[in-house]
Amino acid sequence: KQEVTQIPAALSVPEGENLVLNCSFTDSAIYNLQWFRQDPGKGLTSLLLIQSSQREQTSGRLNASLDKSSGRSTLYIAASQPGDSATYLCAVANQAGTALIFGKGTTLSVSS
Amino acid sequence: GAVVSQHPSWVICKSGTSVKIECRSLDFQATTMFWYRQFPKQSLMLMATSNEGSKATYEQGVEKDKFLINHASLTLSTLTVTSAHPEDSSFYICSARDLGERIEQYFGPGTRLTVT
């Protein structure tokens with residue numbers, strides 16, 4: 001059974017810092033991996049999707065890497081801003097078109 | 001981009017009543033929709049997979065007679081929480097899979113259910 005773990009559970013940093021969020025999954029036979037942002041009481045915003053054949057994806061200040069063989073992904077946020085404060089969720093799809101399996105998330109707080 | 005809506009965005013109901021939540025794909029057709037539940041400080045957990053024109057597939061531990069799912073068209077799936085109890089209070093989120101070649105899922109904004 002696929003399990004997704006995110007470390008750390010919470011993170012507080014001052015504005016401007018570069019930071020890394022970690023995600024690990026137990027079964028390396030995934031179809032894709034996705035990073036989401038969730039603001040308190042709100043739905044999900046898709047940030048980056050990495051197909052199993054890809055190593056990384058970038059969008060603005062965000063960079064996500066995938067090492068499928070070791071069951072790991074990292075989300076790198078450059079020059080963090082207070083507006084980045086949110087919970088970041090990692091999720092994997094084991095097969096095309098199947099439901100996502102989510103980690104518990106990392107709650108990020110960026111202070112000005 | 002593809003848009004998925006949910007209605008209502010929040011609802012408060014009394015214990016013992018039933019509540020219906022709608023999930024709509026606004027600009028694409030979705031043969032498959034997924035229903036997730038998120039308790040406070042927890043992650044999203046899949047409740048059921050809804051396929052248009054057929055019965056939903058429920059995850060282990062989810063009561064199919066309590067959480068009724070109807071996927072009557074390619075753009076609408078409904079989740080009805082029957083005889084709701086306070087422990088059903090949660091954040092319910094749906095996602096829809098594009099019928100086209102893309103297999104990415106699009107998430108709705110969620111529905112906050114509070115049972116008093």
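Here is the naming used below: chain letters follow the sequence lines, and residue numbers restart at 1 for every chain. Here the structure is a predicted model, which means the values were calculated and not measured.
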Same cluster (ILVMFWY, side-chain, under 4.5 Å), A:Leu47 and A:Ile101: yes

Other residues, nucleotides, ligands: >12 heavy atoms within 6.0 Å of B:His85 NE2: yes

Shared hydrophobic cluster for A:Val110 and A:Leu75 (ILVMFWY, side-chain gaps under 4.5 Å): yes

A:Leu44 side, atom CG; B:Gln105 side, atom CD - distance, nearest 0.5 Å: 10.5 Å

Joint hydrophobic cluster, B:Phe107 plus B:Val4, side-chain heavy atoms closer than 4.5 Å: no

Shared hydrophobic cluster for A:Tyr88 and A:Val92 (ILVMFWY, side-chain gaps under 4.5 Å): yes

Interface residues of residues 11-20 of chain B facing chain A - non-hydrogen atoms under 4.5 Å apart: none

Atom group of A:Thr87 that falls short of 4.5 Å from chain B, counting heavy atoms: neither

Which of B:Thr49, B:Leu44, B:Thr111 touches chain A most, by non-hydrogen pairs under 4.5 Å: B:Leu44

Interchain contact, B:Leu46 with chain A, by part (heavy-atom threshold 4.5 Å): side chain

Contact origin within A:Gln38 toward chain B - heavy atom pairs under 4.5 Å: side chain

Connected via hydrophobic side-chain network under 4.5 Å: A:Val4 and A:Ile30: yes

Which atoms of B:Gln6 approach chain A - backbone, side chain, both or neither, heavy atom under 4.5 Å: neither

Top contributor to chain B contacts, counting heavy-atom pairs under 4.5 Å, from A:Gly103, A:Ala9, A:Ala93: A:Gly103

Inter-residue atom distance B:Ile93.CD1 - A:Phe102.CZ, 0.5 Å rounding: 7.5 Å

Option that, when pairs with chain B are counted at under 4.5 Å, heavy atom only, ranks first among A:Ala91, A:Ala99, A:Gly41, A:Ser46: A:Ala99

Sidechain-backbone polar pair: B:Tyr36 side chain, A:Leu100 backbone, donor-acceptor under 3.5 Å: yes

Per-residue contact mode, A:Lys104 against chain B (heavy atom under 4.5 angstrom): both

Atom CZ of B:Arg112 with >12 non-hydrogen neighbours under 6.0 angstrom: yes

CD/A:Gln95: more than 12 non-hydrogen atoms of other groups inside 6.0 Å: no

Least distance between heavy atoms, B:Phe34 atom then A:Thr98 atom: CZ-C, 3.6 Å

Contacts of residues 52-69 of chain B with chain A (heavy atom under 4.5 Å): none

